[in-house]
Participant: 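Submitted below is the structure of interest, expressed as structure tokens.
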Amino acid sequence: MEVVILPDADAVARLAADRVAAVVRRRPDAVLGLATGSSPTGTYARLAAAVAAGELDLSRASGFALDEYVGIPREHPESYASVIRRTVTEPLGMDPARVHVPDGRAADLAAAAEEYDRAIATAGGVDVQLLGIGANGHIGFNEPTSSFASRTRIKTLAPRTRADNARFFDDPDEVPTHCLTQGLGTILEARELLLVAQGEAKAEAVAAAVEGPLSSMCPASALQLHRRAAVLVDEAAASRLRLADYYRYTYAHKPGWQGA
Ligand code: GLP
């Protein structure tokens with residue numbers, strides 16, 4: 001796993017956007033794995049700026065969101081379908097027909113989940129998957145004790161996740177109790193993983209994911225199983241990493257042929 005400690009959230013966003021852009025420049029019809037939440041918003045803003053400046057074209061790329069709430073309408077401003085449209089599809093100039101979000105309103109949620117995994121496979125798999133991390137170590141909505149082999153499925157949100165996400169809703173009781181999320185097994189099939197985290201509140205989860213044991217108690221520790229996973233963090237999110245100096249040294253001495 002590559003761990004890059006950067007001075008601040010803006011530097012994290014810049015490097016993450018550069019890496020996503022590099023994938024799309026190599027392959028204009030790349031398949032992007034999209035995360036919601038506040039962690040990747042700076043990355044999306046940087047990508048949007050590159051698109052607006054004519055330096056990047058995402059019109060042929062496709063996208064698959066990690067997850068969606070169950071039980072709120074697609075049109076709800078906090079449904080992930082709305083969030084992805086507002087923060088990704090529109091500002092990045094992506095084709096709405098190529099941007100997919102699990103259907104949290106499906107009559108048969110189990111079938112919708114299976115169909116979602118099939119759609120990712122049909123698209124050729126995800127080239128680069130952006131990830132945030134929950135304070136409890138979740139990625140997507142894979143809460144602690146999610147199987148490393150899990151596929152897209154229905155999950156019950158942990159009380160802590162509902163509390164963390166209450167800030168997006170008028171009333172905490174409005175936060176859905178269930179979701180559809182790509183499984184850890186689904187996420188691990190992406191060809192490249194890019195986890196971004198900022199702030200002290202994520203420090204413990206980042207340390208557990210990077211340096212802790214491989215454990216479903218910290219779902220993000222599944223990144224240790226991936227051959228091409230990078231964790232981009234600001235100083236605050238890196239503050240509990242025991243080998244921080246080694247990561248700094250490694251990045252400072254990164255061979256040029258490996259890219260930024
Ligand atoms: C959310 C999402 C995750 C996200 C995580 C962290 O609820 N389902 O994909 O990475 O929790 O959220 P944030 O980035 O807002 O801290």
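No experiment lies behind these values; they were computed from the predicted model shown. All ligand and atom numbering here is 1-based and tracks the order in the structure.
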Participant: Which residue supplies the protein heavy atom nearest to atom 14 (O) of ligand 1, what is that atom called, and how far is it?
Facilitator: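 Of every protein heavy atom, Ser39 OG, 2.5 Å lies nearest to atom 14 (O) of ligand 1.
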
Participant: Considering distance alone, does some N or O of Lys202 sit under 3.5 Å from an N or O of ligand 1?
Facilitator: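 For ligand 1, there is an N or O atom that lies under 3.5 Å from one belonging to Lys202.
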
Participant: Taking distance alone, with no angle check, do Gly140 and ligand 1 share an N/O pair under 3.5 Å?
Facilitator: yes

Participant: For atom 12 (O) of ligand 1, what's the nearest protein heavy atom and its distance?
Facilitator: Gly37 CA, 4.2 Å

Participant: Mind checking whether Tyr80 and Phe141 have ring centres under 6.0 Å apart?
Facilitator: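 Yes, close enough.
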
Participant: Does the ring centre of His76 sit less than 6.0 Å away from the ring centre of Phe169?
Facilitator: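 Aromatic pair counts; centres sit under 6.0 Å.
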
Participant: How does Asn165 reach ligand 1, by side chain, by backbone, by both or by neither, if only non-hydrogen atoms under 4.0 Å count?
Facilitator: side chain

Participant: Take atom CZ of Phe168 as the centre, draw a 6.0 Å sphere, and report whether it contains more than 12 heavy atoms from other residues, nucleotides or ligands.
Facilitator: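 Yes - once you tally the heavy atoms of other residues, nucleotides and ligands closer than 6.0 Å, there are more than 12.
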
Participant: At what distance is the nearest protein heavy atom to atom 8 (N) of ligand 1, and which residue and atom is it?
Facilitator: Asp67 OD2, 2.8 Å

Participant: Testing Glu235, Glu211, Glu204 one by one against Arg240 for a salt bridge (charged side-chain N to carboxylate O under 4.0 Å, His left out), which residue passes?
Facilitator: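 Among the candidates, only Glu204 passes.
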
Participant: Where does Tyr69 meet ligand 1, judged by heavy-atom distances below 4.0 Å: at the side chain, the backbone, both, or neither?
Facilitator: neither

Participant: Between Arg153 and Ser146, is the side-chain hydrogen bond (donor to acceptor under 3.5 Å, both in side chains) condition met? List the steps.
Facilitator: CA-CA 11 Å; Arg153 69 210 184 290; Ser146 288; 3.2 Å; yes

Participant: If the threshold is 4.0 Å, N to carboxylate O, is there a salt bridge linking Arg105 and Glu75?
Facilitator: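 No salt bridge links Arg105 with Glu75.
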
